Amino acid sequence: MSDDRIRIFDTTLRDGEQAPGCSMNLQEKLTLARQLERLGVDIIEAGFAIASEGDFESVKAIAEALEETSVASLARTGEADIERAGRALEKARRPRIHTFIATSDIHLEHKLKMGREQVLEEVDRAVRQARGYTDDVEFSAEDATRSDWDYLIQVFGCAVKAGARTLNVPDTVGYTTPVEYYELIRYLREHLPGAEDVIFSLHCHNDLGLAVSNSLAAIQAGARQVECTVNGIGERAGNTAMEEVVMALKTRPDAFDGLDTRIRTTEIYPTSRLLSSIIGIPVQPNKAIVGDNAFAHEAGIHQDGVLKAAITYEIMTPQSIGRPSNELVLGKHSGRHAFRERLLEMGYELVDDDFQRAFKRFKDLADKKKSIYNEDLEAIVADSVTEEEGRFQLRNLVVQSGTFATPNATVELLVDGESKKATAQGDGPVDAVFKAIVELTESKAELLQYQVKAITGGMDAQGEVTVTITEDSRRVIGHGAHTDIIVASGRAYVNAINRLDWHKARREPSAPRGI
Ligand code: KIV
Ligand code: ZN
């Protein structure tokens with residue numbers, strides 16, 4: 001099948017979430033999934049249902065929540081995997097089972113310890129079983145780019161006969177090159193019986209920095225599904241960055257025969273920011289499309305040109321990807337309606353509890369800060385959707401510090417609804433606050449990283465703090481935003497401890513759930 005529409009298969013919640021430091025809880029996954037639906041992706045890979053109870057619950061919840069978008073669960077070829085995926089997708093309006101097995105001799109010999117015939121039998125059995133749950137079955141030949149091409153024809157042939165509709169050709173280890181990948185896709189399309197009735201899909205990793213180039217080459221060779229992630233997050237060096245492929249097609253219709261996606265490009269930037277604030281990993285400033293500097297013209301000669309005619313140095317506009325200008329958006333007299341409308345314009349549709357929390361944060365902030373910018377609202381949204389209904393809540397804190405005093409903090413927390421106070425000394429005011437919080441929560445976690453960033457300029461700018469803590473090899477991230485960075489730090493730390501507590505309560509395995 002080789003029509004003109006490129007399907008976007010978003011795997012931010014599966015391959016992306018497998019990356020270190022990128023794990024998300026159920027509420028965060030739902031928030032992101034809803035935003036991906038607004039963005040217009042065709043398929044969301046919501047997780048790997050058999051990997052953990054948490055993954056199963058996330059796939060199930062996303063499957064139930066989404067209206068338009070197909071929801072996929074990953075599954076190995078084993079019977080239990082497919083059954084778990086099928087069950088998680090029971091309520092999906094458009095369920096897809098994505099089953100995979102490795103096909104390279106390297107993986108067969110060292111990982112699977114299976115012969116080629118055995119793998120063919122697995123493919124046949126798994127795809128047939130998956131078809132028992134849904135008509136929409138995708139098959140992936142893991143490590144396809146290091147597999148024997150004629151064996152791939154056999155494997156894909158078997159998948160097609162068993163009922164797979166989408167054939168994915170992963171460059172699992174980011175090893176291929178654009179010309180080689182182009183030729184592989186062409187070869188498969190030319191030699192596979194029934195190729196005209198299936199969609200070929202690409203899936204690239206970025207180990208050599210070639211994921212987007214390889215993906216575009218595969219599209220030129222006839223692939224019609226792009227597997228990708230927001231901001232390019234994913235295993236090791238990441239996956240194909242969705243925003244880069246989408247904007248390459250949009251900006252260069254001449255180079256890609258007018259092929260296009262259904263993506264609402266003005267939702268790209270809000271989605272990128274939402275993901276980044278949920279996982280607490282900032283986008284590198286020079287990242288194409290969504291980096292802070294992607295549209296910043298520094299050199300005088302460039303600025304002059306852009307002022308005369310933007311086309312001199314701008315191949316696309318910031319507006320086309322929904323980058324808001326840093327303009328004043330709301331003030332302390334703005335009400336619920338204006339606040340909701342503004343969030344909608346920015347691409348955030350919050351569910352009720354999140355909205356109420358966000359509105360309260362907005363009002364508190366508006367009392368302290370005269371001008372509220374889009375960036376402030378983004379931080380408020382991130383803070384509100386990541387706030388756990390946890391055991392611990394920061395009520396108050398007081399610090400004393402400076403050149404003469406030993407830094408000292410008194411913190412009041414609600415612990416299971418009961419007010420408790422502790423006082424501690426530290427190397428600095430943040431350290432003292434963290435020590436008091438540790439005493440109150442009895443946390444054993446180790447602090448791995450502490451980051452503070454000013455949102456917008458000015459003396460009354462908000463500080464956004466991100467902390468990473470670890471316990472029993474599980475890493476979690478906490479966020480906090482406030483005009484006072486000590487308060488933001490306290491919030492972020494409590495947020496992280498609540499998240500750890502949440503995971504512990506569900507006894508989710510902490511080891512990476514990758515494949
Ligand atoms: O990289 C890979 O091969 C994968 C498959 C499961 C599609 O993520
Ligand atoms: Zn992958």
Side-chain angles (χ1 to χ4, degrees), residues 7-20 22-23 41-51 55 59 70-78 81-82 84-85 96-108 110-112 119 122-123 126-127 130 136-147 151-152 155-156 159 164-176 181 184-185 188 198-212 214-215 218 223 225-242 245 512-515:
R7 287 115 183 120
I8 295 293
F9 176 108
D10 184 278
T11 183
T12 309
L13 293 170
R14 199 278 298 170
D15 221 343
E17 211 240 357
Q18 273 173 217
C22 292
S23 55
V41 309
D42 298 278
I43 305 113
I44 292 178
E45 187 162 52
F48 189 1
I50 203 165
D55 257 47
V59 176
S70 297
V71 179
S73 171
L74 187 66
R76 288 164 300 193
T77 49
D81 273 55
I82 309 267
R84 199 83 177 131
R96 171 179 291 196
I97 294 181
H98 175 196
T99 185
F100 76 98
I101 191 164
T103 51
S104 66
D105 289 334
I106 301 173
H107 278 235
L108 263 61
H110 299 289
K111 185 180 85 174
L112 296 178
V119 167
E122 280 287 303
V123 174
V127 173
D136 190 358
V137 175
E138 169 173 341
F139 170 74
S140 281
E142 191 192 8
D143 205 18
T145 53
R146 292 192 301 168
S147 302
Y151 180 56
L152 276 181
V155 172
F156 282 134
R165 283 212 217 144
T166 304
L167 302 180
N168 186 33
V169 188
D171 183 28
T172 305
V173 290
Y175 178 73
T176 198
Y181 202 40
L184 172 58
I185 304 287
L188 294 173
V198 293
I199 299 275
F200 280 92
S201 164
L202 61 95
H203 179 114
C204 298
H205 282 267
N206 204 28
D207 300 65
L208 294 173
L210 293 173
V212 170
N214 288 337
S215 302
Q225 174 176 285
V226 179
E227 300 203 350
C228 50
T229 60
V230 175
N231 297 343
I233 66 165
E235 282 281 9
R236 307 181 308 277
N239 288 57
T240 298
M242 188 251 289
V245 170
R513 292 153 305 140
I515 45 174

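For ligands, and for the atoms within them, numbers begin at 1 and follow the listed sequence. All of these numbers come straight from a predicted model, not from anything done at the bench. Numbering starts at 1 and runs along the sequence shown.
- Note on Asp81 versus Arg76: salt bridge recorded, some NZ/NE/NH1/NH2 to OD/OE distance being below 4.0 Å.
- In the vicinity of His98, heavy-atom distances shorter than 4.0 Å reach the ligand 1 atoms 7 (C).
- Between His205 and the choices Asp15, Asn214, Asp171, the side-chain hydrogen bond (donor to acceptor under 3.5 Å, both in side chains) rule is met once, by Asp15.
- Separation of the His98 and Phe9 ring centroids falls under the 6.0 Å cut-off.
- A distance of 9.5 Å separates CG of Leu112 from OG1 of Thr103, quoted to the nearest 0.5 Å.
- Counting backbone and side-chain atoms alike, Asp15 contributes an N/O/S atom closer than 2.8 Å to the Zn ion (ligand 2).
- Each of the atoms 3 (O) of ligand 1 lies under 4.0 Å from some heavy atom of Glu142.
- A salt bridge links Glu142 with Lys111: at least one charged nitrogen is closer than 4.0 Å to a carboxylate oxygen.
- The pair Asp143-Arg146 meets the salt-bridge criterion, since a charged nitrogen lies less than 4.0 angstrom from a carboxylate oxygen.
- Under the 4.5 Å side-chain criterion, counting only non-hydrogen atoms from C-beta, Arg14 is not in contact with Asp55.
- Interface atoms of ligand 1 facing Asp15, defined by a heavy-atom separation under 4.0 Å, are 8 (O).
- The shortest N or O to N or O distance between Asn168 and ligand 1 is not under 3.5 Å.
- Checked against a 3.5 angstrom limit, the closest N/O atoms of His203 and ligand 1 fall inside it.
- Using a 4.0 Å cut-off between a side-chain N of Lys or Arg and a carboxylate O of Asp or Glu, Glu138 and Arg96 qualify as a salt bridge.
- With a 4.0 Å cut-off on non-hydrogen atoms, Arg14 touches ligand 1 through its side chain and not its backbone.
- Considering backbone and side-chain N/O of His205, one or more are found under 3.5 Å from N/O of ligand 1.
- The shortest N or O to N or O distance between Ser140 and ligand 1 is not under 3.5 Å.
- Among heteroatoms of the N, O or S kind in His205, NE2 lies nearest the Zn ion (ligand 2).
- At a heavy-atom distance under 4.0 Å, atoms from both the backbone and the side chain of Thr172 approach ligand 1.
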